[in-house]
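Residue numbering restarts at 1 for every chain, and letters A, B, ... go by the order of the sequence lines.
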Number of protein chains: 2
Amino acid sequence: MTEARKVRALEVLHAHGKRITAQRALILEIIEGSEGHLDAGEIYRRARAKDPRISLSTVYRGLNLLQELGIVSELHLDEEHHHYELKDETVHHHLICSRCEKVVEFDSSLVDRLVSQVSAEEGFTIERVHVDLVGLCPECRAREGS
Amino acid sequence: MTEARKVRALEVLHAHGKRITAQRALILEIIEGSEGHLDAGEIYRRARAKDPRISLSTVYRGLNLLQELGIVSELHLDEEHHHYELKDETVHHHLICSRCEKVVEFDSSLVDRLVSQVSAEEGFTIERVHVDLVGLCPECRAREGS
DNA sequence: GTACTTGCAAACTGTTTGCACATCA
DNA sequence: TGATGTGCAAACAGTTTGCAAGTAC
């Protein structure tokens with residue numbers, strides 16, 4: 001099933017006249033099987049475990065291509081680097097634990113209401129919506145004591 | 001009035017045993033009189049217009065200090081660099097024009113409702129909330145035609 | 001006077017690019 | 001075979017740091 005998404009992604013590559021190389025398939029596989037939200041460095045590290053000869057620039061080029069074709073999205077969860085996830089049909093936003101960095105996805109109709117309200121008030125035509133909530137996840141809060 | 005905020009900021013500096021240098025005052029002045037949301041490079045450029053001898057590292061160090069003391073906040077409006085604004089008592093979020101890069105601040109009680117809802121559902125204790133809506137501002141939409 | 005700040009240059013991190021070689025269709 | 005993709009090294013942008021000289025208090 002998650003496998004099906006990878007196959008679909010590879011078809012999109014092919015449909016755009018791009019080659020399906022071992023490296024690209026590997027990058028997709030890693031993003032797929034990872035709860036998403038990895039950064040390029042981490043994808044590179046994991047890729048090297050499977051194929052020690054892959055280069056960091058190939059990872060970046062692969063991610064950029066996948067992004068152009070709409071297969072993955074680039075996130076800006078923190079200030080320092082980009083993170084990537086498989087693009088999903090369902091819109092969702094991110095809850096990020098400030099201690100363990102875990103990312104949980106959520107969606108809420110309140111977001112849509114917010115967008116309608118703000119766009120009506122300010123006259124913007126909204127194209128993209130980013131909602132990131134940062135805080136302690138239940139596990140870290142428990143561990144935290146207090 | 002906006003002047004008053006700068007004075008207050010300088011007092012905070014002083015209260016923390018930090019010196020009030022011409023460079024720090026200049027950085028504050030620039031952020032103050034700028035509709036906010038400048039990045040370090042732009043602050044540096046404007047600072048040099050007033051004091052050609054200021055260095056980029058001084059700007060970065062100043063911004064980091066101001067941030068540590070809670071006087072300015074660092075934003076991540078786009079992927080590439082940090083932006084800074086004077087920290088305000090009132091919470092607000094950002095509407096960003098994808099064409100002219102203009103930033104409009106907004107707030108809405110729907111955001112608070114969203115936070116309560118999500119934190120109740122997922123068990124997170126929310127510490128920070130980022131809502132960024134990206135789209136065309138009214139002016140750019142008009143100019144755009146279509 | 002002395003601790004804090006600055007300017008400069010050099011280091012670092014994340015990301016992109018030029019180029020020769022490899023490779024898939 | 002010819003267009004595409006890869007690996008490597010070098011280039012970049014944004015940001016940070018070490019150090020000697022300068023400055024606020």
Quick note, salt bridge (Lys or Arg N to Asp or Glu O under 4.0 Å) partners involving residues 43-53 of chain A, not counting sequence neighbours, are A:E42-A:R45, A:E42-A:R46

Please name all residues satisfying side-chain contact (heavy atoms from CB on, under 4.5 Å) with [X], sequence neighbours left out, ordered by chain then number.
X     : result
B:Y60 : B:A40, B:L56
B:R61 : B:S57
B:S73 : B:E85, B:K87

Is any side-chain N or O of [X] closer than 4.0 Å to OP1 or OP2 of [N]?
X     : N      : result
A:Q23 : D:dG7  : yes
B:H81 : D:dT15 : no
A:R19 : D:dA3  : no

Taking only distance into account, with no hydrogens and no angle test, what donor-acceptor pairs under 3.5 Å do side-chain atoms of residues 106-113 of chain B form with protein atoms, sequence neighbours excluded?
unit_1	atom_1	unit_2	atom_2	d
B:S108	OG	A:Q117	OE1	2.7
B:S108	OG	B:L110	N	3.0

Sorted by number, residues from residues 61-70 of chain A placing a heavy atom under 4.0 Å from DNA chain D are A:R61

Contact check, residues 44-60 of chain B vs DNA chain D, heavy-atom distance under 4.0 Å, returns B:L56, B:S57, B:Y60

The bend of the helix from C:dG1-D:dC25 to C:dA25-D:dT1, taken between the axes of its five terminal pairs at each end and rounded to 10°, is 30°

- Any luck finding a side-chain donor-acceptor pair between B:H37 and B:E105 under 3.5 Å? yes

Rounding to 0.5 Å, atoms CZ (B:R143) and SG (B:C100) come to a distance of 7.0 Å

CG (A:L28) and CG (A:L66) are apart, to the nearest 0.5 Å, by 4.5 Å

Rounded to whole angstrom units, what separation is found between the [atom1] atom of [X] and the [atom2] atom of [N]?
X     : N      : atom1 : atom2 : value
B:L26 : D:dT23 : CG    : C1'   : 17 Å
A:L10 : D:dG5  : CG    : C1'   : 15 Å
A:H82 : D:dA13 : NE2   : C1'   : 12 Å

Nt span of DNA chain C in reach of chain A heavy atoms at under 4.0 Å, 5' end first, is C:dG14 to C:dC24

Residue pairs passing the side chain to side chain donor-acceptor pair (under 3.5 Å) test with at least one member in residues 15-29 of chain A, sequence neighbours excluded, are A:K6-A:E29

- Are the charged groups of B:E139 and B:R99 less than 4.0 angstrom apart, N to O? no

Identify every side-chain donor-acceptor pair in residues 122-132 of chain A under 3.5 Å, counting partners at least two apart or on other chains, and give the distances.
unit_1	atom_1	unit_2	atom_2	d
A:T125	OG1	B:R141	NE	2.5
A:E127	OE1	B:S98	OG	2.8

Point to revise | Candidate pair B:L75 and B:H94, rule side chain to side chain contact (heavy atoms under 4.5 Å, CB included), full reasoning | key: CA-CA 10 Å; B:L75 310 174; B:H94 298 100; 3.7 Å; yes

Residue set satisfying ring pair (Phe, Tyr, Trp, His ring centres under 6.0 Å) with A:H14, at least two apart, ordered chain then number -> none

